2 protein chains.
Amino acid sequence: MAIQRALPAEGDQPDRWEAQLRKGAVEMAALASLWQGRLYGLEIIRFLESQSQLALAEGTIYPILNRLKAEGMLTSEWVEAEAGHPRKYYSLTDAGRQRLRQMAEAWTSFSRGLSRLLEPVVQQQEKTQ
Amino acid sequence: MAIQRALPAEGDQPDRWEAQLRKGAVEMAALASLWQGRLYGLEIIRFLESQSQLALAEGTIYPILNRLKAEGMLTSEWVEAEAGHPRKYYSLTDAGRQRLRQMAEAWTSFSRGLSRLLEPVVQQQEKTQ
DNA sequence: CTTTATACCTCGTATAACTATATATAGTGC
DNA sequence: GCACTATATATAGTTATACGAGGTATAAAG
């Protein structure tokens with residue numbers, strides 16, 4: 001097993017704030033990943049990593065999925081895999097779809113507000129495009 | 001004094017997630033509010049409330065300002081007001097400007113990723129515009 | 001001198017995500 | 001049939017963050 005620990009010492013906080021940007025968006029992203037069909041846990045992680053900037057650990061996504069399920073936002077079903085461990089597939093419920101729509105709306109509004117705020121800051125960088 | 005405590009029981013979570021969307025963006029917003037010139041604490045709150053969706057409490061902004069100051073991102077100076085309590089004006093340092101640019105860049109990238117993820121969700125709502 | 005308005009500050013608490021680790025299933029080599 | 005490995009789900013403990021409630025300070029108004 002080779003514990004290895006690494007223990008990053010967290011003395012450096014070069015991207016401390018970058019991690020914070022993600023907070024709160026993770027739940028919405030998890031719901032969004034299921035919009036087009038059911039996925040299982042690790043699949044959600046891979047999907048979000050490929051489709052957006054969200055690189056989530058397993059210890060992050062499973063508690064969120066369980067919470068969302070407890071709140072009735074999604075359902076789960078075990079599916080036998082042809083090889084390896086069986087997979088628990090998650091699907092959005094109607095309540096989940098509705099909540100996601102509300103969250104997306106709030107996100108869009110919030111995102112626009114912040115973008116407006118950052119316009120003067122970003123302008124200096126966008127010499128191109 | 002009637003401590004009162006209130007203890008909101010937090011049984012209702014109608015906008016629990018909405019508050020979470022803001023996390024991590026607050027520090028960036030605080031820096032951004034100072035981009036065009038110095039402001040004092042309450043002024044920052046009012047500015048952000050009028051310019052974006054961010055309604056911050058005093059208990060939120062003051063610890064952040066102190067932290068940013070301790071990190072060398074901004075400076076402060078007391079200024080006598082013509083009436084009432086003196087005001088502590090905050091200004092961005094060069095390091096603060098640089099950090100804000102980096103944060104804005106990361107935010108933009110992250111925001112685009114999430115928006116892309118939410119496109120299928122939002123499309124159904126945007127019948128107009 | 002009390003009240004009101006403005007402004008700054010801090011403590012305690014609840015919440016959320018992440019790190020590290022544990023558990024479960026099944027295929028592979030011997 | 002037993003270790004070893006890969007895949008997958010799960011959770012306990014830590015840390016970071018925002019916020020609500022209260023407190024302090026200054027000065028004008030009554």
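Naming: A, B, ... by sequence-line order, numbering from 1 per chain. Values in this document were obtained by computation on a predicted structure and should not be read as measured data. Below, each value reflects all heavy atoms present in this structure, side chains not excepted, and no hydrogens, waters or symmetry copies.
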Tell me which nucleotide among [options] gets nearest to the side chain of [X].
| X | options | answer |
| --- | --- | --- |
| A:His85 | D:dA10, C:dC9, D:dT7 | D:dT7 |
| B:Ala83 | D:dC19, D:dT9, D:dA28 | D:dA28 |
| B:Tyr62 | D:dA8, C:dC8, D:dA10 | C:dC8 |
| A:Arg87 | D:dT9, C:dC9, D:dA8 | D:dA8 |
| B:Ala57 | D:dT26, D:dC19, C:dA26 | D:dC19 |

Check this one for me: any side-chain N or O of [X] less than 4.0 Å away from OP1 or OP2 of [N]?
| X | N | value |
| --- | --- | --- |
| B:Arg46 | C:dA7 | yes |
| A:Tyr40 | D:dA8 | yes |
| B:Asn66 | C:dT10 | yes |

Mutual orientation of the aromatic rings belonging to B:His85 and B:Trp78 [parallel < 30°, tilted 30-60°, perpendicular > 60°]: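 If you compare the ring of B:His85 with that of B:Trp78, the planes turn out tilted.
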How is [X] classified with respect to the nucleic acid when contacts are heavy atoms under 4.0 Å: base, sugar-phosphate, or nothing?
| X | value |
| --- | --- |
| A:Tyr89 | nothing |
| B:Gly41 | sugar-phosphate |
| A:Leu65 | nothing |

Value in whole Å for how far the P atom of C:dT19 lies from CD1 of A:Ile45: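 It works out to 12 Å between those atoms.
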Charged tip of B:Arg97 within 45° of B:Trp35 ring normal and under 6.0 Å: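 Relative to the ring axis of B:Trp35, which defines the angle, B:Arg97 lies inside both limits.
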A:Arg99 bridged to A:Glu71 by N-O distance under 4.0 Å: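 Yes.
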